[in-house]
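Quick note on labels: first sequence line is chain A, next is B, and so on, each numbered from 1.
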Amino acid sequence: MNFNFSGAVLSQAIASGIMLGGLFALISIGLTLIWGVMKIINFAQGEFLMVGLYLAYFLVAWGHIDPYITILVTVPFMFFFGIGIFRATISPILKDPVMNQIMLTLGVSLILQNLALMLFSANVQSVHTRYATWNIHIGPVVISAPQLIALFGSVICTLAVWYFLKTTDSGRAIRASAQNPTAATLMGIDVPRTYLLAFGLGSATLGLAGSLMIPFYYTQPTVGVFLGLIMFIVVVLGGMGNLVGCFVGGLVIGLAETVGAAVFPGSLARVFTFSIFIIFLLFRPQGVLSKRQT
Amino acid sequence: MLSVKNIVVKYGMFRALDDVSIDVGEGQIVGIVGANGAGKSTMINAVSGMTKPTSGTVMFEDTDLTKMSAHAIVRAGVVQVPEGRRLFPDMTVYENLLVGSAHKRAKAERSENFDKVFTLFPRLKERETQVARTLSGGEQQMIAVARALMSSPRILLMDEPSLGLAPIVIQEIFMVVRQLRDLGLTILLVEQNVHHCLQISDYAYVLETGQVVLEGTGHDVLENPMTKAAYLGMAVQEEPASN
Amino acid sequence: MSLKMPYIRILVVGALICLLPLVLDTFYMHIAVLVLIWAFLACAWNIIGGYAGQHSLGNGLYMGIGAYTVAYLVNRFALTPWVGLLVAIALSAAAAAFIGWIVFRYALKGAYFALVTIALTEAAVYVVSNIPALGGAGGMQMEYRGNSLAYMQFAGQSGYFYMGVLMVVFILLLTQWYKSKRFFYQLIAVRENEDAAEALGVDTVKAKIKANVMSGVLCAVGGVFYAQYFLYVGPRSVFGEVVSVQILIYAIVGGLGTTWGPVVGAVLLVPLSEIARGQLGNSLPGSQLLLSGVVMVLTMLFMPFGIIGAVARLRQRWQHRSATPLVDSQGGEAS
Amino acid sequence: MLEVRGLTRRFGGLVAVNDLSFEVNEGEMIGLIGPNGSGKTTTFSMLSGALRPSAGTIAFNGERIDGLKANKVCRKGLARTFQVVQPFPDITATENVMIGAFVNVGAGRQAEAKAREMLERVGLTPKADTLAKELTLLQLKRLEIAKALATEPKLLLLDEVAAGLTSTEVDVMLQLVRQLNTEGITCIIVEHVMRFVMNLSHRCIVIDFGSQIAEGTPEEILNNPAVHAAYLGEEASIA
C-alpha cells in the first residue's frame, strides 16, 4: 500500500470522488424508486443504463445531436422501454417469491447484455464533444465540466423525484401503494398502474443518466455489470427509498472508489467498496442517514 | 341503497359466507355482529371488491359491484374503513388524507372534505404534520375514518373500528359513527363489540359460521338471548359435546 | 417401488453414459465433458439453493477457490492435484463456514442475500487480479505433465469424461442418500417455512451453514476438475457473477431441489449453448449467454419449478383427472 | 410444570403483554382467553421462544427457558401450533410431521414410522401422502397438531386450533384435544371459539390489554362481569 501520497493527490482524489459520487447518485435514483420505494426487484437495472448509454451514444455519434439535447429522446424512450420490459416480464410474476424475480431479471440482464454484444460488439464506445476538454481549475484540482454538469443533473433529478413523490397525487399514490397496497386499493388507487408508472419513471431516470454521462463516460455491453452493483450498494447505503440518502450514499461510494484508488494498488479499491457494502448490510441495513428503529 | 343477495364466498373448501343476504337503506346504520371467523370481514370485503364471491350479487343502487374492480368501487362511492386501520404508516396525517381524495370525484371536493373532516376530528388538525405510525391507536382509527371520508363516500363500510382500542376511545369512535349517520351518510358497520354496535344500529344482522342466524332492529337483536349464545357459546354448552 | 430403485437408476444411467465415448467425436466429447462439469457444479449448488432455498449468487467463489488452489499448488510446488484437491476442500469449507456464519447469523434474506453473495464473488475477482503470484488479471496456465491419474491429467478427453461421470454419479448418489436423512429434511423445512422449522426444533442457522459448507466444498471440487480439464484458470473464468449465474441456471431450469434437475438442465442447455457458440460464436458473439437469459426468463414465467417440476405437475394433473375425487369424511359442508 | 412470572413484552411504545404471571400444573388443560388483540398470541410466542420477553421469567420443569431460541425450547419438550397454520407446503403430510419427529429420532425410516403414527393419532392417515398445500383447513389444523406431537412435547401450546372451522369440525377437534389430554399431555389453549375452550379447560386465564383480568373455572369465568365487559363491550350507553 502506498500511504505517502501528497496533499494535492488527496485533494484531487476527493474532488474526483465527489464528481464520481454525483454520477453514482444519478444512476441510483431510479433504483431508489423501483427497489427502495416500490420493492420491485430489478437486477437488470445496470443493463437499462447500458441501453440508455448506447442510445445517447448513437444519437450523438451518428445523429450528431448535442448530448444534452438527446435528453429529449432518451428520457421518454427509457420510460416506455421500462414499461415494456415490466409488462412483459416482471409484472406477471410480481407476486412470486423474491428469488424468482431475481432470477428472471438476471435473465433479462443476460439478454440485454448479449444482445448489445451481438449488435454493437464488445468494443468500448465513446463520443468526442467539445465539452470533453472543458476543465475547471481550482488550485491544483481539476474538474471536468461535463462531470460537473452530471453532478448538477443528479442534484436536480433527486430534487425533482423527491418533489414528485412528496407533493403530487401520482407521487403519493406510488408511496401509498408501496406502503400498503391493500389500503391504496381501498382508497381508489389503481395499484397495478401505479407500479407501471413507478417502474417507467425509474427507468426514465436512466435515460437522463445516459445522456449526461456520455460526454465523459464510455459504453460497452458489460458497462452495466459493475454500475448495476453500484446502484444496489448506493440504495442500501442510502437507506432503501430515501432519496437524500441515495445522494449521500452515492457520494460515500464515489469517495471510497477514488480515495481507495489512491491508497490501494490496481483495482483493489473495488474490494474496499464491496467491503463497505457488506459491513453496512450486516450492521446498519437501514442505511447511512436513518435512525435505528426499535 | 346497498343490497347483497344470496352471496357465497369460498376459501378453498371453506365457505366463509354461505348464502347471505342483507340490505342497507339510505341514511341507515346497519350492523353486522358475530364472533371471530363468523364471516363479517368477508362480507365487507365482498362488497368492496377485495374478495370475489363465488355466487350472488352485490347491488349498489343500479350498479352490480361484483363486476367491478376494487378501486373502481371506491370511485363509485362505496368506501371501506379497513380492519386494523391499514394506514400508510410512513406518511403524515395530512398525506394520508390526501391519498384518500386522489380520485377525480373526490379531488373536486377536496377542500370541503378537509373542512368537514377537521370539524369532526379537530385533533387530526393538530397532528396534521405527524407521521401516522407515531400516533396512538385511537388517533390512527380517526385517520382511517377521516381518510375514507376524504374520498367522498356515499356509503361507508366500517370493519371493526373498535378493535384493540381502550373503552373510552371506543365510545368516542361510536359517537362519531352516529354523528356521520346524522350528517346523512349510510353506514355498514361490522363489529365484535356487540353492545355498542347494536345500540347505534338501525337494523342488525347476527352472523354465525357464515350464515345469518338472526336479524332485526338493533334493539331487538340486543335483547335476544341468542345473540349472547352466538358469542359466548353458552346455549350450545348445554348440549353434549360428542357427536 | 423398492427403496434401492433410485440408486440403481443412477448407477444404470451412469454405466450407459460410459458407452458414449464409443460414438462421439472430439467436438462432442468436449461438450460431454462440459455437460458433466456443469451438471456437477449445478448439483452442488442445488444443496444450498434448491434444498435449503438460499439462492446464493456467489458460488463461483468456491469454484474459484478450488480451481486457483489446485493451479497454484501444482504450478508453484509441483504437487499432485490430489493434494491440491484436499487443500481446496479445506479452504472452501473454511470460507463457506465463515461466510455462512456471517450471512445467516444476521438473517440476510432474498435480495440482500443475493447481493452479498454477488459482492463476495465479484470481490474475489478483483483480489485475485491484483495478486501477481496468482497470475493477476491474466490468470495461470498449467503445465501438461502427461497422461496419468496421479496428475489428474489425460491425453484424450475420455479420461476426463470417465472422471466426470464418476463425479456426477457420486454427487447424485450422495444427494439421493442424504434425501432420507434428518439433515435434508431440516433443509427442506428451512426452505418451506423457517418459523415453523424453528418451532419444530430445527436449528435453522446451523442447518443453513452446514448446507453452505457442503455446497461450497463440492463447488470447489468442481473447480479443481475444471482447472485440470482446461489447464487454465482466470479471474473471470472461475470467479465472478457470470460464472455464479451459470452454476445455478442449470439447476433452476432443470428443477430446483430435485436429484436429477441440475443434470437434466445441464444436459439440455450446455450442448445448446456450446453449439450456439461453435456455430455463431464468430458472427454473433454472446449468443450462448443470450440463450441462457431467454431460457431463464421463460422458465421463471412459465415453469418456475423447472422441467422436472413441470413434468411432475403434468403427471399429477393427469392422475387427478383419472382418479375419482376422494370425499373427505370430516371436511363436509357447514351445517 | 410451567411457571410464568411478570412476563412483559413491549413493541415500541405499545405494551402487548403486561406483567403476566401464572402457573400450569402437570396434566392440566388451561384456557388462555381474551378479546382480539389482547396479547394472547404474543404470550404464546414468548413461551415458545419465537419472541424474546422484555421482562419476566419463564420456567419449565424448574428450568429457565426465557431467552432461549425456539428450536431449543422445542427440544426441551414445549411445542406449539400456529394460529395461522404454518405447513411446509410443497412436501407431503408425512414429511411435514417427520421434521418434528427428527427431534428425537435420527434415522429416516424411524421418523417416517413415527410420523405415520402421529397422523393416525390425529386422524389424517388417508391424507398421509398428500402435499400439505392441498389439504383443507381442518386437515391443516390437524397436521399442525401432528407436527407438534411428533416432537414428543410434555406441554403443548394450541393457538386457535378451532378458529375458522365449521361447528361439526369444532366437535371433531374438541374430541381430539381431549384425547391428547387424557394421554397425559398438558395443554394451554388460546381460542376464540368459546364453546371449545369452555368445554375443554380445567381452568381459564382471561387477559385484556395484555393484563390478566380474571382466572377461574369456565363457569366462574362465564359469570364474571369483567369478562362480559371485555368481550361484549361495556354496557354503558352512548350519550
Side-chain angles (χ1 to χ4, degrees), chain A residues 32-40 91 94-95 161-198 201 235 238-246 285-287 289-294, chain B residues 41 44-45 47-51 68-92 94-108 110 129 131-134 140 143-153 156-159:
Chain A
T32 304
L33 190 62
I34 291 176
W35 186 45
V37 177
M38 294 303 274
K39 305 285 179 287
I40 304 169
S91 142
L94 210 49
K95 291 205 171 76
V161 173
W162 180 84
Y163 182 84
F164 168 76
L165 285 179
K166 265 296 195 230
T167 64
T168 66
D169 276 322
S170 306
R172 275 189 296 265
I174 287 178
R175 286 158 63 213
S177 304
Q179 287 178 27
N180 194 331
T182 310
T185 308
L186 288 175
M187 290 300 111
I189 293 170
D190 187 343
V191 175
R193 239 186 95 119
T194 310
Y195 270 85
L196 210 57
L197 174 71
L201 282 177
V235 174
M240 287 299 280
N242 182 339
L243 280 161
V244 181
C246 164
Q286 71 279 24
L289 293 183
S290 331
K291 281 179 235 129
R292 187 172 277 272
Q293 286 180 359
T294 43
Chain B
S41 294
I44 289 254
N45 285 330
V47 174
S48 59
M50 298 301 283
T51 321
M68 290 164 73
S69 62
H71 66 264
I73 290 177
V74 176
R75 293 173 188 185
V78 180
V79 183
Q80 177 179 349
V81 183
E83 179 180 348
R85 276 92 72 174
R86 287 187 179 272
L87 300 182
F88 306 114
D90 295 326
M91 288 186 169
T92 64
Y94 186 68
E95 286 177 324
N96 266 280
L97 299 185
L98 280 174
V99 172
S101 58
H103 65 264
K104 217 170 165 190
R105 198 168 50 85
K107 219 165 166 175
R110 195 173 254 179
T129 56
V131 176
R133 103 177 101 72
T134 62
Q140 291 195 5
I143 302 174
V145 176
R147 188 181 59 177
L149 292 175
M150 288 300 294
S151 57
S152 301
L156 207 56
L157 317 169
M158 302 182 84
D159 196 354

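- To the nearest 0.5 Å, the span separating CE on A/Met187 from CG on B/Leu98 amounts to 13.0 Å.
- Between atom NZ of residue A/Lys39 and atom CD of residue A/Gln179 there is a gap of 9.0 Å, rounded to the nearest 0.5 Å.
- Only the side chain of B/Met50 comes within less than 4.5 Å of a heavy atom of chain A; its backbone N, CA, C and O stay farther away.
- Taking CE of B/Met150 as the start and CG of B/Asn96 as the end, the distance is 11.0 Å to the nearest 0.5 Å.
- Most heavy-atom pairs under 4.5 Å with chain B: of the set A/Ala183, A/Gly188, A/Ala173, this distinction falls to A/Gly188.
- For A/Ala184, the parts lying under 4.5 angstrom from a heavy atom of chain B are both the backbone and the side chain.
- Using a 4.5 Å cut-off between heavy atoms, B/Leu87 contacts chain A through its backbone alone, with no side-chain atom that close.
- Heavy-atom pairs under 4.5 Å with chain A were tallied for B/Lys107, B/His71, B/Glu95; the largest tally goes to B/His71.
- Between B/Arg110 and A/Asp169 there is a salt bridge, since a side-chain N of the basic residue sits under 4.0 Å from a carboxylate O of the acidic one.
- A cation-pi arrangement, defined by a distance under 6.0 Å to the six-membered ring centre and an angle within 45 degrees of its axis, is present between B/Arg147 and B/Phe88.
- Interface residue B/Val79: only side-chain heavy atoms are found under 4.5 Å from chain A.
- Heavy-atom contacts from other residues, nucleotides or ligands closer than 6.0 Å to CZ of B/Arg105 number more than 12.
- With a 4.5 angstrom heavy-atom cutoff, B/Arg85 does not touch chain A via any of its atoms.
- Note: A/Asp190 leads A/Val191, A/Asp190, A/Ile189, A/Thr185 in heavy-atom pairs under 4.5 Å with chain B.
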